[in-house]
Amino acid sequence: MAQVVERIRSAVKAHSARFERSIPLIASENLLSPYAKELLISDFHSRYAEGLPGERYYEGNEQVDEVERICLTLAKELFRCSFADVRPISGTVANLAVLKALAAPADPVGTTRLSDGAHISSAVFGAFGLRGVKPVYYAWDEERMTIDVPKTQAILREARPKLCLFGLSLFLFPLPVRELAPTLQEIGATGWYDGAHVLGLIAGGEFQDPLHEGCSVLSASTHKTLPGPQHGILLGESADPELYRKLGSAAFPGVTSNHHLHAMAALAVSLAEARAFGRAYARQVIANARALAGALAERGFDVLGEKLGYTASHTIAVRVGREGGGAPVAARLAEAGLITNKNLLPGDKSPKEPQGVRLGTPEVTRLGMTEPEMVRIAELFDALLHRNAPAERIAREAGELKREFTRLQYCFAAGEAAYRYYDLVGRPAA
Ligand code: DSN
């Protein structure tokens with residue numbers, strides 16, 4: 001058995017080393033700061049603290065209460081809102097909590113289609129299906145890569161959903177929450193924003209501010225543009241205290257028992273770091289995404305959203321039909337040390353054959369890369385996918401570029417090794 005454990009440890013170490021020499025461009029991933037990472041392996045991991053600070057079902061929770069109170073205060077300050085709950089253990093669990101609190105089975109709920117960029121929570125085989133609600137799909141403006149407001153107003157007036165979700169996994173531009181808010185009010189619907197992808201951009205004040213544009217609830221995971229631990233969060237801004245009560249009881253005992261206290265503590269650190277460094281980080285993430293999108297377009301790639309400058313977020317969508325299609329292109333890029341994911345794009349005929357790849361700049365920005373490095377990355381894409389350069393050569397060049405950027409930025413203890421493996425059992429790390 002000890003050998004099995006060594007194999008597992010070796011695999012994880014090999015993974016860390018691989019990411020250290022690769023250029024990670026997954027839009028939903030990021031790197032945890034050293035202080036946040038440290039708390040993930042603290043004793044908080046071993047404990048239970050069901051309930052809320054000061055109202056627990058277990059003894060021994062005084063320090064957990066202290067940390068959770070700090071976490072809630074930081075969340076409310078950062079997002080300028082009056083309600084926060086940090087008990088959902090992931091973004092999807094946070095979404096389930098909202099569905100449990102604010103919709104009943106068979107209710108119509110407004111959302112975006114998967115092929116237009118929605119998260120799988122909105123799918124009938126995802127959280128929507130689990131709650132048994134019926135999706136009412138918004139109309140999509142493919143050219144502008146956002147919701148078509150006039151057509152969607154008509155759809156909402158016809159279907160009258162009581163809950164309307166705004167949020168995407170292919171999130172290029174702010175969504176028209178402000179524009180649709182009067183229609184939501186007219187039909188008596190609650191506005192709900194899934195801000196998982198753009199949470200760090202909202203925290204930095206560099207994207208839209210959905211809780212002040214017409215949404216009462218924001219759900220999110222906490223590890224994408226907000227470089228926190230894998231966890232979830234609920235935020236709210238409403239004059240109705242009953243809404244907060246419903247969200248709280250949906251979070252616990254609705255969709256969680258214990259809420260992963262180590263991750264909650266790491267989140268508190270990440271929120272404090274977002275207060276200190278979030279604006280500069282968010283600005284650079286977006287500047288990098290625009291630079292990378294532009295450099296790819298200049299090299300003949302079909303980058304979506306051209307009319308609006310390709311992106312106003314951390315994400316870039318590239319149609320790669322002419323390069324061979326999403327799956328083969330993403331696999332070839334990974335072989336060359338450029339980590340992306342295949343992605344459905346509007347107009348795709350089959351979910352099994354996505355024609356896009358999705359790129360994101362959260363992680364490379366966290367490592368200190370700026371616009372000149374985005375051009376170097378675009379050159380690697382061009383050489384690999386348009387000029388038939390061998391994958392091994394591109395992997396070598398990607399590794400050389402990456403060697404200059406393996407230290408964390410935008411956090412306390414900046415400059416620490418980003419991919420460090422914490423070897424705790426007295427053997428030297430491989
Ligand atoms: N599926 C994740 C993403 O990559 O967008 C979100 O949960």
Side-chain angles (χ1 to χ4, degrees), residues 19 22-32 88-99 111-131 135 145-146 165-175 192-202 207 218-234 255-256 260 263 267 270 285-286 289 304-305 311-318 320 326-327 329-331 333-334 338-346 348 351-352 354-366:
F19 269 76
S22 302
I23 302 207
L25 294 163
I26 303 273
S28 52
E29 294 180 354
N30 214 321
L31 293 159
L32 210 47
I89 57 167
S90 75
T92 295
V93 168
N95 288 347
L96 273 172
V98 177
L99 287 166
T111 191
T112 311
R113 286 178 200 283
L114 284 197
S115 57
D116 293 334
H119 183 247
I120 44 167
S121 291
S122 295
V124 286
F125 49 80
F128 269 45
L130 209 57
R131 185 63 173 143
M145 286 300 283
T146 191
L165 169 59
F166 300 95
L168 298 166
S169 284
L170 189 69
F171 215 147
L172 302 183
F173 300 105
L175 290 170
W192 163 27
Y193 195 90
D194 179 345
H197 263 269
V198 289
L199 197 65
L201 309 183
I202 296 172
F207 205 62
L218 188 155
S219 57
S221 56
T222 57
H223 50 265
K224 296 183 168 82
T225 50
L226 185 93
Q230 297 250 354
H231 199 68
I233 193 167
L234 290 171
V255 294
T256 58
H260 298 185
L267 175 59
S270 306
V285 165
I286 297 168
L304 273 63
T311 182
S313 74
H314 60 304
T315 298
I316 302 152
V318 189
V320 288
V329 166
L333 286 166
L338 303 161
I339 315 286
T340 67
N341 63 278
K342 56 182 179 276
N343 215 94
L344 276 180
L345 296 181
D348 272 358
K352 294 199 179 122
Q355 290 305 299
V357 287
R358 185 185 67 169
L359 319 179
T361 52
E363 186 164 341
V364 289
T365 306
R366 186 90 159 127

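Counting starts at 1 for both ligands and their atoms, in listed order.
- Among residues two or more places apart in sequence or in another chain, the ring-ring contact (aromatic ring centres under 6.0 Å, His included) test is passed with F19 by H15.
- Taking 4.5 Å as the limit, some side-chain heavy atom of H314 sits within range of a side-chain heavy atom of V198.
- One finds the CD1 atom of I316 at 11.5 Å from the CG atom of L304 (value rounded to the nearest 0.5 Å).
- The protein residues lying under 4.0 angstrom from ligand 1, judged by non-hydrogen atoms, are S28, H119, S169, H197, K224, R358.
- Here the straight-line distance linking atom CG of N95 with atom CZ of F128 works out to 8.0 Å at 0.5 Å rounding.
- D116 contributes atom CG, which lies 7.5 Å from atom CE of M145 (distance to the nearest 0.5 angstrom).
- Expressed to the nearest 0.5 Å, how far NE2 of H231 lies from CG of L267 amounts to 6.0 Å.
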